[in-house]
Amino acid sequence: GEITLSGFDRARGVYAKAALFSPYATFEGFDVYGLSLEISDFSGLSNTGSISDLRLTKAGAVRIVSARISNYAFERYLSGRYAGLKKPEVTLDESAQVNGLHDGKPVYGQLSLSARPAALELSLINFTYDGYQVPEFMRSLFKFKYDMSALPCEIRFNRIKLKNQMLEIS
C-alpha cells in the first residue's frame, strides 16, 4: 500500500490530508480490496515505518473513495460469525441473498442495503426456513439502522452498490 501526506500543521501535529491506498485490507473480519481513502486532519504512528503497521492516532473525516468486498468474503464472515449456519452461499446483485443450512434444514434470506447521511440501513426482503416463509407484515419489522455518527470519526462516501458479486463503496 501507499500513503501520501500533505499540509503538515506543526501546531496541531496533524496533516491536513492523507491519501491512502491499499490493494488489500481487513476490517471487522471482512477482506476489502482496492481500498482508497482520503483522511482529513490525519496523524498516525508506525513502529516499523511500514504502512501495514500504521496505526491511526487522529482523524477528522474519512472519505471512502473506493472499496470492494466480495461475496466470498461475506461467506467467510458468516461461517466464522454464525456457527449454526452451514455452507453459506452469498449472492450480491442489487440485493444480498444468503442460502445455507441450519440444523440440516435450508435457510434463505434476502436483504437490501441502503445508505443515508451518517447511516447504513439493512432491510429484510425475504426469509424462509425449511419451507416456511416469514409473512410480509413481519418482514417489515426487520429493519436495522447502523448510526455512523457515533463512530470516533466521520465516515463519508457517495454510494453503496451490490453488483457482480461485490459490495462496492465509492
Side-chain angles (χ1 to χ4, degrees), residues 1-3 20-37 39 44-48 50-57 59 62-116 118-134 138-157 159-170:
E2 60 188 57
I3 189 166
L20 178 122
F21 174 77
S22 179
Y24 170 80
T26 60
F27 179 75
E28 299 287 330
F30 285 101
D31 299 324
V32 181
Y33 301 96
L35 178 64
S36 181
L37 305 173
I39 307 168
L45 297 172
S46 173
N47 293 333
T48 64
S50 169
I51 192 171
S52 63
D53 183 44
L54 186 65
R55 302 293 179 255
L56 183 67
T57 57
V62 176
R63 187 170 83 79
I64 303 171
V65 178
S66 67
R68 293 184 323 276
I69 302 172
S70 72
N71 64 326
Y72 176 71
F74 278 95
E75 291 169 358
R76 286 186 342 134
Y77 177 82
L78 290 170
S79 292
R81 186 63 84 104
Y82 303 103
L85 181 63
K86 304 296 183 199
K87 300 181 181 179
E89 294 179 7
V90 175
T91 302
L92 302 174
D93 198 13
E94 301 298 323
S95 65
Q97 299 174 40
V98 180
N99 284 290
L101 298 172
H102 180 70
D103 291 334
K105 298 173 183 163
V107 62
Y108 168 79
Q110 183 181 14
L111 305 151
S112 69
L113 178 65
S114 61
R116 307 252 185 274
L120 291 176
E121 295 180 1
L122 190 67
S123 299
L124 184 64
I125 298 171
N126 196 357
F127 185 82
T128 60
Y129 176 67
D130 195 25
Y132 173 76
Q133 184 173 19
V134 173
M138 289 181 68
R139 291 191 305 252
S140 65
L141 300 173
F142 292 91
K143 292 186 181 197
F144 305 95
K145 184 176 178 181
Y146 182 72
D147 183 4
M148 296 188 305
S149 67
L151 295 173
C153 61
E154 182 181 359
I155 305 291
R156 300 176 185 162
F157 53 89
R159 70 178 184 177
I160 244 179
K161 181 169 60 170
L162 298 168
K163 186 176 179 182
N164 297 328
Q165 306 310 325
M166 297 291 259
L167 167 72
E168 298 178 1
I169 305 170
S170 59

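If you're wondering where the values come from, they're calculated on a predicted model, not measured in any experiment.
Note that the CG atom of Asn99 and the NZ atom of Lys87 stand 12.5 Å from one another [nearest 0.5 Å]. Atom CD1 of Ile169 is separated from atom CZ of Arg68 by 11.5 Å, given to the nearest 0.5 angstrom. One distance of note links OH of Tyr77 with OH of Tyr82; it measures 5.5 Å at 0.5 Å rounding.
Side chain of Arg139 to backbone of Phe127: no donor-acceptor contact under 3.5 angstrom is found. Proximity of a side-chain donor or acceptor of Ser70 to a complementary backbone N or O of Ala73 within less than 3.5 Å is detected.
Residues passing the side-chain hydrogen bond (donor to acceptor under 3.5 Å, both in side chains) test with Ser170 are Arg159, sequence neighbours excluded. For Glu75, the side-chain hydrogen bond (donor to acceptor under 3.5 Å, both in side chains) criterion is met by no residue, not counting sequence neighbours. Glu89 pairs by the side-chain hydrogen bond (donor to acceptor under 3.5 Å, both in side chains) definition with nothing, not counting sequence neighbours. Here Arg63 pairs with Glu38 under the salt bridge (Lys or Arg N to Asp or Glu O under 4.0 Å) rule; sequence neighbours left out. Shown here are the salt bridge (Lys or Arg N to Asp or Glu O under 4.0 Å) partners of Glu94, two or more places apart in sequence or in another chain: there are none. Every residue meeting the salt bridge (Lys or Arg N to Asp or Glu O under 4.0 Å) condition with Arg55, not counting sequence neighbours, appears here in chain and number order: Asp53. For the side-chain hydrogen bond (donor to acceptor under 3.5 Å, both in side chains) test, residues two or more places apart in sequence or in another chain that qualify with Thr57 are Ser43.
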With a 3.5 Å cut-off and sequence neighbours excluded, list the donor-acceptor pairs that the side chains of residues 105-113 form with protein atoms.
residue, atom, partner, partner atom, Å
Tyr108, OH, Gln97, OE1, 3.3
Gln110, NE2, Ser95, OG, 2.9

Quiz: residues 27-35 side-chain donor-acceptor pairs under 3.5 angstrom, not counting sequence neighbours:
residue, atom, partner, partner atom, Å
Asp31, OD1, Tyr24, OH, 2.8
Asp31, OD1, Arg76, NH2, 3.0
Asp31, OD2, Arg76, NE, 3.4
Asp31, OD2, Arg76, NH2, 2.5

Side chains of residues 143-157: which donor-acceptor partners sit under 3.5 Å, not counting sequence neighbours?
residue, atom, partner, partner atom, Å
Asp147, OD1, Ser149, N, 3.0
Asp147, OD1, Ser149, OG, 2.6
Asp147, OD2, Ser149, OG, 3.1
Glu154, OE1, Arg156, NH2, 3.1
Glu154, OE2, Arg156, NE, 3.0

Sequence neighbours excluded and cut-off under 3.5 Å, please list the side-chain donor-acceptor pairs for residues 160-168, or say none.
residue, atom, partner, partner atom, Å
Gln165, OE1, Asn71, ND2, 3.4
Gln165, OE1, Leu92, N, 3.0

Discussion item. The test is side chain to side chain contact (heavy atoms under 4.5 Å, CB included); show your working for Gln133 and Met138 and say whether it passes.
Written reply: CA-CA 10 Å; Gln133 184 173 19; Met138 289 181 68; over 6 Å; no
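Around the OH atom of Tyr129, the shell of radius 6.0 Å holds more than 12 heavy atoms that belong to other residues, nucleotides or ligands.
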